[in-house]
Amino acid sequence: MAMIETPPPHGGRLVERVVTDPEMGKKLAKKCDAVYDIKPALSDGVPIRNVYREIMSICYGFFSPVEGSMTKAEVDRILKERRLLNEWVFPYPLVFDITEEELKDLGVTAGDKLLLRLKGKPFATLDIEEIWRIDNPEELAHKTFGTPEDNPEVVQEAFNAKMPGWVIYKSLNPVVLAGKYTIINEPKLTPPFDRFWYPPRKSREEYARRGWRTVINHQTRNVPHIGHEFLMKDAAYTGDIEPCHGIQVNAIIGVKRAGDYPDEAIIEGHEAVNLGGYIKPERHLVTFTLWDMRYGNPLEAMLHGIIRQNMGCTHHMFGRDHAAVGEYYDMFATQTLYSKGIPSYGFPVSINDVPYGLKIRPQNMREFWYCPVCNEIAYSECCGHTKEKQKFSGSFVRGMVAEGIFPPKVIFRPEVYKVIVKWWDKFGYPFCNAKYVKEKEVRLEVDLPDMDV
Amino acid sequence: MAKYISVLLDDKRMDAIKGSDLENKIDKMFGGQLNAFTLELSDAKAKEIMDAFFTARVDSRSFITDVPIAFSRTLFAEIAKTKSLGDDVIDAVLTQVDEIKEAAAKESEFLPTPVL
C-alpha cells in the first residue's frame, strides 16, 4: 500500500530569498539606486494592507514559486487563468504599488535596485524589472475576485466596499514596480509571534524532527472555540493507514476586519488548546503566515493550499464559508474548487487534478454542532438530531465575549478564554477595532536589527 | 422566514428575574450550560433592528447578531421591566436608538475586561 509522503513545494522548489549574512546584506543595500520607506495602505484612514507581509511571505517561501512583485503580463495571466507565467496555479496578483509622485521622487527605471526600509531600517531590495500602470483599480478588483455574471458557479453577489479584499485591490496605487524581492536584513519576530514562526524550510524540518509523515493543516483567523477544536481532531482522522501524525494550525496574521480577534489572542488561543492538553502538544503545532486577508473564499483557499503545501503539509481541512466574509460566495465554493473545480476560474476539474496544480490533499468537512441528545459535539453528517442541534455561531460567540459572559466549557476551553481576556486587558478591547489596527501597523510583528548603510 | 434574537443571562441577570414568570421562559442552551431568552421577531421588527444598526447581521441560525452591546443591555432591561418577550419590548428598545448608538460609539473604543 502506498504511503503518503511530504509533497514537493508548489513550483518544484522552495523560494528562499533571505540574506542571513549582515555584511552581505549591507553590500547589497549599498548597491541600491534609491530608498523607499514601506508604509501601510489606508482606506478612510484605516490600514488595510502592508506590503511588508507579502515580501516576508514571498522571500521565506510561503508563496513559492512567486519571487517578487508581478509584471503586467503575470497579473493579466492570473486574472484570466489563475496561473503564473511559469504555468503554476496561483490565485492573486501581488504587486508593489506606489503613487506617480513617489515614482517621480525615486527617479528609478527598469534595471534599478530599490532599497526598501521598514521601521526606518534597511529591510529588503526590489530589483526593478518593469514599471507598469494600473489603469482602473476598481476593474482590477472585480477581475481579481470575479462577478456573478462571469463566475456564476460560486459568486452570488457583486463585490463592494464591505469586502476587505476588494477594497485592498481597489485602493492600489497606479504605479507598479515589478521585480524580485530579497530580504537583506533579517527581521526578528516579536513576542508572542516569535515562538510560532515556522517558514516552510523550518516547518518541514520540524515535521521530520517530530517524525510526522502526514500533517493536516487547520486554517484560522479565529480564536478556537470547541467547534474548531473538534473540526481539527476529527478531520485529522484522515491520513493513509493511520490518522494524520500531526495537526498544524496556520494562522493568518495581518490586517483583519473589525470584529475579528486580535492576532495575539488568535495565536496564543490555539496554543492554549495544546497547553491545556486538549490536543497534546506532541501532535499539535501552532504556526502562522503573514498576510492581509483578502477573504476570497475559493481563491483564498487556493492560496492556503499553496502555503501549507510549501510548509510540507499532506492534507488541508476545509469547512463551509472558508475564509469568507458576507454572502458574496456560495458557502461551499472552496469545497467545489477542491472537489470538481470551478471552470470560470480556469479549473474544469479539481485544482488537484489540473496540470501544475496542487498536491496537498483536501479534507472537505461539513459542520460541527452541540447536540443535547447525543450530549456531545456532533458532526452534522452523523448526528440525526437536526431539530435539537445547537450550532456554533461565531457571531453569537463574539456577542457573548463582548458582553463579558464567561463562556461555558462546551463553547470555549477556559484556558482559551483566559487568553482572550489577557489580550483584551492589554488592548482595552476584545476584538480588532480601528485603534488596534492602527497601533498594530506601527508595531508590526517584527523588529529590524540596526544596519548602517 | 422567522428571525430570532437571543438575550444571554449571566448570574446577575438571572438574579434580576428571580421569582418572575420569565424564569419559565429561559432556554437552556448547550446542555444547560448557558441560559438565554429567545425572542421570535416579526419580519417588520427584524427589519427595524437591521436598519437601525449597520453592524447587525443574521447568522446561519437565523438569529440577529452583532448588535451593539448597549442594545442587548437595553433589551434585557426592558424585558426585566415589562416581564415580556414580545414585540412590545423591541418597540421600547427602538425608541432608545439614539442613546444606544451613542453608547455603542463609546463601546467601539473600549470595553472593560471581565473579572475572571
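Every chain is numbered from 1, with letters handed out A, B, ... down the list of sequences.
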Answer yes or no: does atom [atom1] of [X] have more than 12 heavy-atom neighbours from other residues, nucleotides or ligands under 6.0 Å?
| X | atom1 | answer |
| --- | --- | --- |
| B:Gln33 | CD | yes |
| B:Lys25 | NZ | yes |
| B:Glu102 | CD | no |

Problem - Toward chain A: residues of residues 3-19 of chain B with heavy atoms under 4.5 Å - result: B:Ser6, B:Leu8, B:Asp10, B:Arg13

Handout entry: Residues in residues 76-93 of chain B that sit under 4.5 Å from chain A, counting heavy atoms only
Key = none

Does any backbone or side-chain atom of [X] lie under 4.5 Å from a heavy atom of chain B? Answer side chain, backbone, both or neither.
| X | answer |
| --- | --- |
| A:Pro414 | neither |
| A:Phe396 | both |
| A:Phe431 | neither |
| A:Lys389 | neither |
| A:Asp425 | both |

Hey, could you give me the [atom1]/[atom2] distance between [X] and [Y], rounded to the nearest 0.5 Å?
| X | Y | atom1 | atom2 | answer |
| --- | --- | --- | --- | --- |
| B:Met29 | A:Gln390 | CE | CD | 5.5 Å |
| A:Ile420 | B:Thr113 | CD1 | OG1 | 12.5 Å |
| A:Asn433 | B:Glu107 | CG | CD | 12.5 Å |

Exercise for the section: Under the side chain to side chain contact (heavy atoms under 4.5 Å, CB included) rule, what do A:Lys391 and B:Asp59 come out as? Steps first, then yes or no, please. Expected result: CA-CA 10 Å; A:Lys391 293 171 84 170; B:Asp59 74 6; over 6 Å; no

Fill in the blank from the handout: Turns out that what part of B:Ile69 lies under 4.5 Å from chain A's heavy atoms comes down to side chain

Exercise for the section: Below 4.5 Å from any heavy atom of chain A, which atoms of B:Arg73 appear? Answer side chain, backbone, both or neither. Expected result: neither

Note, [X] side chain near [Y] side chain (heavy atom, < 4.5 Å):
| X | Y | answer |
| --- | --- | --- |
| B:Phe63 | A:Ser395 | no |
| B:Phe30 | A:Phe392 | yes |
| A:Tyr429 | B:Glu109 | no |

Problem - Heavy-atom pair count under 4.5 Å with chain B, highest-scoring of A:Pro407, A:Gly404, A:Ser393 - result: A:Ser393

Practice task
Between chain A and each of B:Gly32, B:Gly31, B:Ser108, count heavy-atom pairs under 4.5 Å; write down the option with the most.
Solution key: B:Ser108

Exercise for the section: Heavy-atom pairs under 4.5 Å with chain A are the metric here; pick the option from B:Thr55, B:Asp66, B:Val67, B:Val115 that has the most. Expected result: B:Asp66

Handout entry: Short side-chain to backbone donor-acceptor contact, A:Trp424 and B:Leu111, under 3.5 Å
Key = yes

